[in-house]
Amino acid sequence: MITEELTKEEMKPSPTMKTMSGAQAVVQALIDEGADLMFGYPGGAIMPVYDALYDVDDELTHVLTRHEQGAVHAAQGYARATGKVGVCMATSGPGATNLITGIADAQIDSTPLVCITGQVHSDLLGTDAFQETDVIGISMPVTKWNFQVTKAEEIPMAIAKAFYIARTGKPGPVLVDITKDAQFETVEYEYRPFLGMRSYQPKNKLDLAQVQEAAQLINSAKKPFVLFGQGVILSKAEKEFKAFIEKGGIPSGWTILGLSALNSDHYLNVGMLGMHGNYAPNKMTNECDVLIAVGMRFDDRVTGDLSRYAKQAKVVHLEIDPAEIDKNVKTDVAVLGDAKETLLALTQQIEERNHSAWLSEFRKLEQEEIETVIEEELNPTVGELSMGEVIQAINERTKGEAIVVTDVGQHQMVTCRYAKFKHSKSLITSGGLGTMGFCLPAAIGAKMGRPNKEVIAVIGDGGFQMTIQELGTIFQSKTPVKIVVLNNEFLGMVRQWQELFFDKRYASTTMINPDFQTIVKGYGIATKKVTKREALKDAVAEMLNHEGAYFLEVKVGKENNVFPMVPTGAAVSEIRLK
């Protein structure tokens, strides 16, 4: 959490200056920072800013969502798909508190956001005024920085600093809370880009001695293994990462947020890490002799039981955030810095190697997983439709070119396991927080940010109903997002745990759903329901060929499970195929 106050001497002066209201200054500052799209929901305490937006809709487009949570998730989807800072806005009180879940999601998944909230008149602060909430206090644990503006003169600097902090170093969400009187006051506005502050160092200066030490460990390894996360994507280091693993000949596994940083079909890509990841990378984590972590934080869903995690290996950690070093896994060599810079330097020092015998050990375990799990999941011939074969049908049509957004649950794990990607920033999901309801609004933001890409939202029937009102946003904005709901009439992941660990006591996981087809038709969205295997491929083709938004509901097996699985409390090497 960055707490240093604004300081004028750290701003670069500009010769341009205009007199305007604080509300107009908010809007102008957003434009000057490069924002062209924002998401929000109006209310009393933020109404002056909305009034100012009315005059600049040709420069800054505002998308009216149906709920503030939809606004923040849409801003996340936009940010993740484009690599830009996402912007959302809400009023005070319940408007601001409705943003908190998305802000927390952005914080743990390192998504750059600028969130603007209205606040009651400064004279009323602390009086329990109508729709007053201490949003600064509430948001402090889940923001990278927050600030309350009580005077119009603070607005330009606050917005500039917000964008700088959100996008630099390890990205994250910031919140600027603006009292209503500050929005009405006048200010002499001039745009001054924020250049930094003494207490905030976005990235460490690269220590070449650390790089050399890491290279020595890698060069001496007989069984090296790379784990890569979203840090590769955030630092735009995809080419440098590919060059690094190819020169070292190192098998590489990914976290769900790292998915798409490396082509799914790359010969060194050995699959997904973690609880529902692939068999080989989990088993081999406890067999390798050097473990190289790149831009990932050793989340518990990746490591399993830490006391039995990679104890045989020397650990090299390439990371921009010093707080992540040794937090969960003790490292032998830590290289602090931006992944792009670090990988470039490290690649120059490692030897060109061919670890084909070691890689073949991964492929043997991969074949075992194919025979035991994957073949049955992707190519069933009888029984109910599986989630995997739906993803496979989408793969066949998109050829790895689409952006896929998921919600949270069984469908999320299945999508991450089986979806194919050729390009970075193609998988958008809620990773660390696991927020149900994320997908539909995030897909809207992703499609608006990347209008020339096909964007497919894959959602479970439970998560879909958490933000189902955002169908209204699609209807009003005419956003041609494709929606696939995998309907098993259960809260599937919770039900799976109840089956495996609670003697099939399905407490509050059965879903009695409404007629989704009728609801979707009410929003003017083309729709189809698939219940039979022979209709699936044609329905997917129809969805993707349709010019506007499309809703495809697929009835899948009610009690199908996602395997492999690392049981809670187990070591990653204890992963179960069934």
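Bear in mind that the values here come from a model prediction, so they are computed numbers and not experimental data. We use all heavy atoms of the structure for the numbers below, so side chains are in, but hydrogens, waters and symmetry mates are not.
For the atom pair T435 OG1 and Q69 CD, the distance stands at 7.5 Å (nearest 0.5 Å). In this structure, CD1 in I519 is found 7.0 Å from CD in Q465, a value given to the nearest 0.5 Å. To the nearest 0.5 Å, atom OG of residue S110 and atom CD1 of residue I233 are 11.5 Å apart. Rounded to the nearest 0.5 angstrom, T303 OG1 and L273 CG are separated by 10.5 Å. Atom CG of D128 and atom OG1 of T133 lie 9.0 Å apart (nearest 0.5 Å). Interatomic distance, I108 CD1 to S430 OG, rounded to the nearest 0.5 Å: 8.5 Å.
For residues 40-64, the set of pairs meeting the salt bridge (Lys or Arg N to Asp or Glu O under 4.0 Å) definition, not counting sequence neighbours, is empty. Among pairs with a residue in residues 439-461, those fulfilling side-chain hydrogen bond (donor to acceptor under 3.5 Å, both in side chains) read D461-N513, at least two apart in sequence or across chains. Note on residues 30-45: pairs passing salt bridge (Lys or Arg N to Asp or Glu O under 4.0 Å), not counting sequence neighbours, are E33-R167.
E324 has a carboxylate O that lies under 4.0 Å from a charged side-chain N of K327, or vice versa, which qualifies the two as a salt bridge. Salt-bridge formation is not detected for the pair D338/K340: no Lys NZ or Arg NE/NH1/NH2 atom is positioned less than 4.0 Å from an Asp or Glu carboxylate oxygen. Taking a cutoff of 4.0 Å between a charged side-chain nitrogen and a carboxylate oxygen, E190 and R192 qualify as a salt bridge.
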May I have the list of side-chain donor-acceptor pairs in residues 79-94 shorter than 3.5 Å, sequence neighbours left out?
residue, atom, partner, partner atom, Å
R80, NH1, T429, O, 3.2
R80, NH2, T429, O, 2.8
T82, OG1, Y78, O, 2.7
T82, OG1, K84, N, 3.1
T91, OG1, A45, N, 3.1
S92, OG, Q131, O, 2.7

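Contact check for V56 versus I31: side-chain heavy atoms found under the 4.5 Å cut-off. Using a 4.5 Å cut-off on side-chain heavy atoms (C-beta onward), F39 and L64 make no contact. By the 4.5 Å heavy-atom criterion applied to side chains, M413 and M272 are counted as neighbours. Side-chain atoms of F464 and D407, non-hydrogen and from C-beta on, never get closer than 4.5 Å to each other. A 4.5 Å side-chain heavy-atom check between L175 and T117 finds at least one atom pair inside the cut-off. The side-chain heavy atoms of H276 and Q412, taken from C-beta on, include no pair separated by under 4.5 Å. The shortest side-chain heavy-atom distance between I483 and I459 falls under the 4.5 Å cut-off. The closest side-chain heavy-atom distance from V72 to N98 is not below 4.5 Å.
One N or O on the side chain of Q183 and one on the backbone of I178 form a donor-acceptor pair closer than 3.5 Å. For the pair E238 (side chain) and S235 (backbone), a donor-acceptor distance under 3.5 Å is absent. Side-chain N or O atoms of Q410 include none that pairs as donor or acceptor with a backbone N or O of N488 at under 3.5 Å. Looking only at distances, a side-chain donor or acceptor of E132 sits under 3.5 Å from a matching main-chain atom of A129. In this structure, the side chain of K144 engages the main chain of I165 through a donor-acceptor pair within 3.5 Å. At distances below 3.5 Å, at least one donor-acceptor pair connects side-chain atoms of D181 with backbone N or O atoms of S122. No donor-acceptor distance shorter than 3.5 angstrom exists from the side chain of R198 to the backbone of G196, with no hydrogens or angles considered. Panel note: side chain S264, backbone F421; a donor-acceptor pair is recorded below 3.5 Å. Proximity of a side-chain donor or acceptor of E154 to a complementary backbone N or O of K151 within less than 3.5 Å is detected. Of the possible polar contacts, none joining the T65 side chain to the G70 backbone as a donor-acceptor pair under 3.5 Å is found.
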side-chain contact (heavy atoms from CB on, under 4.5 Å), that's the test. Do M38 and L30 meet it? Break it down for me.
CA-CA 9 Å; M38 65 185 298; L30 291 173; 4.1 Å; yes
Worked check of side-chain contact (heavy atoms from CB on, under 4.5 Å) between K528 and F551:
CA-CA 7 Å; K528 176 166 282 191; F551 179 86; over 6 Å; no
Given R297 and D299, is the salt bridge (Lys or Arg N to Asp or Glu O under 4.0 Å) satisfied, shown in steps?
CA-CA 6 Å; R297 58 188 179 85; D299 174 77; 3.5 Å; yes
Show, in sequence, the C-alpha distance, side-chain angles and deciding distance for V120 and F130, and conclude whether the side-chain contact (heavy atoms from CB on, under 4.5 Å) test is met.
CA-CA 8 Å; V120 300; F130 177 68; over 6 Å; no
With side chain to side chain donor-acceptor pair (under 3.5 Å) as the criterion, how do N487 and E553 come out once you've worked through the C-alpha distance, each side chain's angles and the decisive distance to 0.1 Å?
CA-CA 7 Å; N487 185 357; E553 178 186 359; 3.0 Å; yes
Could you go step by step and tell me if I474 and Y523 meet the side-chain contact (heavy atoms from CB on, under 4.5 Å) rule?
CA-CA 8 Å; I474 293 172; Y523 285 100; over 6 Å; no
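Shown here for M296 and E319, the closest heavy-atom pair between the two residues is O-OE1, 3.5 Å. Contact record, K180 with G44: NZ-O, 3.1 Å, taken as the closest heavy-atom pair. Between T255 and G229, the shortest heavy-atom contact is OG1-CA, 3.4 Å. Across all non-hydrogen atoms, the minimal contact from L60 to A35 is CD1-O, 3.6 Å. Scanning both residues, V135 and S139, for their nearest heavy atoms gives O-OG, 2.7 Å. Of all non-hydrogen atoms in I256 and L427, the two that sit nearest each other are O-CD1, 3.7 Å.
Between H317 and F298, the distance from one ring center to the other falls under 6.0 angstrom. Residues F228 and F241 bring their aromatic ring centres within 6.0 Å. Aromatic ring centres of Y200 and F194: separated by at least 6.0 Å.
When only modelled atom types and interatomic distance are considered, T473 and E470 share a side-chain donor-acceptor pair under 3.5 Å. Side-chain contact annotation: Q498 with T509, donor-acceptor N/O pair under 3.5 Å present. Q119 and D177 share a side-chain donor-acceptor pair at under 3.5 Å. Defined by atom type and a distance below 3.5 Å, a donor-acceptor pair is missing between the side-chain atoms of T111 and D109.
Considering only residues two or more places apart in sequence or on other chains, H62 meets the ring pair (Phe, Tyr, Trp, His ring centres under 6.0 Å) condition with Y50. A search for ring pair (Phe, Tyr, Trp, His ring centres under 6.0 Å) contacts involving Y418 returns nothing, not counting sequence neighbours.
Around atom OH of Y41, no more than 12 heavy atoms belonging to other residues, nucleotides or ligands sit under 6.0 Å away.
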